[in-house]
Amino acid sequence: MSLDQQLIHEFLDAHKNHYVGKYKYHSSYRLSDYSYKYHYYMLDESFRKIDIFVEINIKDEIQFRFSEDLHELEQIYIVKDILKRLSMKLDYPSMLHYSLYDNFVKNASNIEVTLNPIDYINVLEYMKYHDRITQETIDKFYNEIFIPRLKHLMNQHYYQQFLESVILILKDILYEYEWDGVDFKYLDTEYQYHLYFIRKIIRMVYAKLDKFVDKAFDELKEAIEILCLNQRFSFMIMTDFGNLVLSHYNLTKKLIYSLKEDFILNDKDEEREGVNLTFSYIYYIFINDFEQYKAVLLKVLRLIIGNRLTFANSDLDLALGNSIIRTEGYEILLDLFHEDYNTFIFTCFPISSFPKKMISQIREELEGAIQFFAARMDNDRYRLSSFEQVSNINRLLMDNFGGWYK
């Protein structure tokens, strides 16, 4: 039984404001024809999780009940977010009845049925609500439900439905919530649990790329656009993602030039707003422009270093940085330092980790930097920042090359 869209729109129109709530979406499931349960949460300054549960009924009027008392603006913010999510889902036809979710999840490996794309989202949300967002929950979803059915769709040559299902999954999992702590931020992401499986799905598409390009070009382009728009995630799967887009020149040429119309390319000689680093990275490899490609990598490293200094949980950023270094060599870090004279580069990537043959070159770069900042201390505008950099560089020199100066 479908919900009354007019009732939803009337509520949204009647509660327009600019308030941005503290609580963020976690998961949900359908209770009955007109009722849903939703889970929202927030992290406090110590990054402790605070949960709130909402039951909402949408029939003759919109009624809602919160598990804890919240002030009215926060309640309305959450209810509006719920209604927007529901309205979006109503645009997609569903096959699996909500009363069957529990049985389907428990017996998925024994049930041979291919669902509509939105059904996989509904099942995943049901699992997250009842079993929490954990690696075990996500593994079960992919291994027992999603991957087997994607394989069936591919075997039946249903390439569009395959990608439509993947697109909805990507839209559901690719979010980042930033929480402010006392000294650091915490970047809350669900997608870290999905990384392995998204790589696996990309390899499935790669295996029959000619079929996807021929039979589902628009859907393939949309999926790639979503990945490009989520730059942090896409660089973490770049080995597989890059292979998909760059491996077959004749197949992907039309795709890449079509995507070029949608994104702003990074330019090493010009600062541009709205640059997409993921597509810039791919495009400059595609046209074999090494200088522009290197400029993209330097920007990515700057973002990684910024995240390492900003977020309490930046292990994935460090892994990405190390991956770039393994591919490009430690020389790229020296190139970055030569451009920026940013000593935090060596906080994130300690000098002790560099190859021994580069140590003397690092010392020379640090000495050049300390001379640069010492000269700038005569300028009132730069005195304090230059003094800080001189102190940082002096510490790096003494900690790593103290014996050389004796």
Side-chain angles (χ1 to χ4, degrees), residues 167 170-171 174-176 187 189 191 195 198-199 202 205-206 209 213 217-308 310 314 316-340 342 345 348-349:
I167 285 167
L170 292 175
K171 288 181 177 179
L174 293 180
Y175 64 85
E176 295 179 347
L187 188 63
T189 63
Y191 61 63
L195 284 166
I198 299 302
R199 288 191 182 103
I202 288 174
V205 175
Y206 176 81
L209 184 58
V213 169
F217 182 88
D218 291 340
E219 290 78 11
L220 180 60
K221 180 183 175 184
E222 183 178 357
I224 292 172
E225 284 177 334
I226 293 170
L227 290 172
C228 286
L229 289 170
N230 291 272
Q231 296 180 167
R232 193 169 180 270
F233 177 83
S234 58
F235 272 104
M236 290 173 184
I237 60 168
M238 188 53 78
T239 299
D240 294 298
F241 183 39
N243 284 343
L244 172 71
V245 183
L246 296 166
S247 56
H248 300 293
Y249 179 85
N250 291 330
L251 284 176
T252 58
K253 180 179 179 181
K254 177 185 174 183
L255 185 63
I256 286 179
Y257 282 107
S258 178
L259 287 164
K260 185 174 180 286
E261 301 301 314
D262 300 333
F263 294 114
I264 298 173
L265 290 168
N266 184 70
D267 192 303
K268 66 182 180 64
D269 300 317
E270 176 188 349
E271 278 299 320
R272 298 174 175 175
E273 292 187 5
V275 162
N276 188 277
L277 292 178
T278 303
F279 183 71
S280 298
Y281 176 94
I282 290 170
Y283 180 75
Y284 289 131
I285 292 177
F286 185 75
I287 66 171
N288 199 27
D289 190 329
F290 177 77
E291 292 299 320
Q292 292 284 14
Y293 160 78
K294 182 180 175 182
V296 172
L297 282 182
L298 292 179
K299 275 201 170 182
V300 173
L301 285 169
R302 289 185 184 104
L303 292 176
I304 290 169
I305 291 164
N307 288 340
R308 289 288 291 169
T310 304
S314 55
L316 286 177
D317 292 283
L318 180 60
L320 174 58
N322 287 330
S323 176
I324 292 173
I325 292 167
R326 281 196 300 272
T327 304
E328 304 297 326
Y330 277 87
E331 288 80 7
I332 195 167
L333 291 179
L334 274 190
D335 292 339
L336 182 60
F337 183 76
H338 188 76
E339 282 196 13
D340 296 359
N342 183 356
I345 293 170
C348 300
F349 304 99

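The figures that follow rest on heavy atoms only: side chains count, while hydrogens, waters and symmetry mates do not. Predicted model, so just to flag it, every value in this text is computed and none were measured.
Distance CG/L229 to NZ/K171: 10.5 Å, rounded to 0.5 Å. From M236, atom CE reaches atom CZ of R199 across 9.5 Å, with rounding to the nearest 0.5 Å. Put simply, CG on L227 and CD1 on I167 are 10.0 Å apart, with the number rounded to the nearest 0.5 Å. Summarising the geometry, atom CG belonging to L244 is positioned 11.0 Å from atom CE belonging to M238; distances are rounded to the nearest 0.5 Å. Atom CZ of F235 sits about 9.0 Å away from atom SG of C228, to the nearest 0.5 Å. The CD1 atom of I304 sits 4.0 Å away from atom CG of L320, with the distance rounded to the nearest 0.5 Å.
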Could you go through L265 and K260, starting from their C-alpha distance and side-chain angles, then the distance that decides it, and tell me whether this counts as side-chain contact (heavy atoms from CB on, under 4.5 Å)? CA-CA 8 Å; L265 290 168; K260 185 174 180 286; 3.9 Å; yes
Derivation and outcome, side-chain contact (heavy atoms from CB on, under 4.5 Å), residues F233 and L195: CA-CA 8 Å; F233 177 83; L195 284 166; 3.4 Å; yes
N342 vs L336, side-chain contact (heavy atoms from CB on, under 4.5 Å): CA-CA, chis, key distance, verdict: CA-CA 8 Å; N342 183 356; L336 182 60; over 6 Å; no
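The six-membered or imidazole ring of F286 lies near that of Y249, with a centre-to-centre distance under 6.0 Å.
Residue-environment remark: CD (E270) exceeds the threshold of 12 foreign heavy atoms within 6.0 Å.
Listed by chain and residue number, nothing satisfies the side chain to side chain donor-acceptor pair (under 3.5 Å) test with K268 (two or more places apart in sequence, or in another chain). Scored by the side chain to side chain donor-acceptor pair (under 3.5 Å) test, R302 finds E339, D340 as partners (sequence neighbours excluded). With sequence neighbours excluded, the residues forming a side chain to side chain donor-acceptor pair (under 3.5 Å) with R232 are Y191, D317, listed by chain and number. Applying the side chain to side chain donor-acceptor pair (under 3.5 Å) rule to K221 yields the partners S258, D262; only residues at least two apart in sequence or on another chain are considered.
Using the six-membered ring where Trp is involved, Y257 and Y283 have ring planes that are perpendicular, over 60° apart on the 30 and 60° scheme.
You'll find the side chain of V275 reaches within 4.5 Å of the side chain of S280, heavy atoms only. Between I287 and I256 there is no side-chain heavy-atom pair separated by less than 4.5 Å. Looking at L318 and F349, their side chains come closer than 4.5 Å, going by heavy atoms from C-beta outward. In this structure the side chain of Y281 never reaches within 4.5 angstrom of the side chain of K299, judged on heavy atoms. By the 4.5 Å heavy-atom criterion applied to side chains, L170 and N230 are not counted as neighbours. R272 is not listed as a side-chain neighbour of N266, based on a closest heavy-atom distance of 4.5 Å or more. Using a 4.5 Å cut-off on side-chain heavy atoms (C-beta onward), L187 and N307 make no contact. N243 has its side chain out of reach of I202: every pair of non-hydrogen atoms, C-beta onward, lies at least 4.5 Å apart.
Counting only residues at least two apart or in different chains, salt bridge (charged side-chain N to carboxylate O under 4.0 Å, His left out) contacts with residues 244-254 are absent. The salt bridge (charged side-chain N to carboxylate O under 4.0 Å, His left out) pairs that include a residue from residues 283-294 are K294-D335, where partners are two or more places apart or lie in different chains.
Between the side chain of N276 and the main chain of F279, a donor-acceptor pair closer than 3.5 Å is present. Counting only distance, with no hydrogens or angles, the side chain of T252 and the backbone of L246 share no donor-acceptor pair below 3.5 Å.
When each of L277, T278, I305 is tested with V300 by the rule side-chain contact (heavy atoms from CB on, under 4.5 Å), just one qualifies, namely L277.
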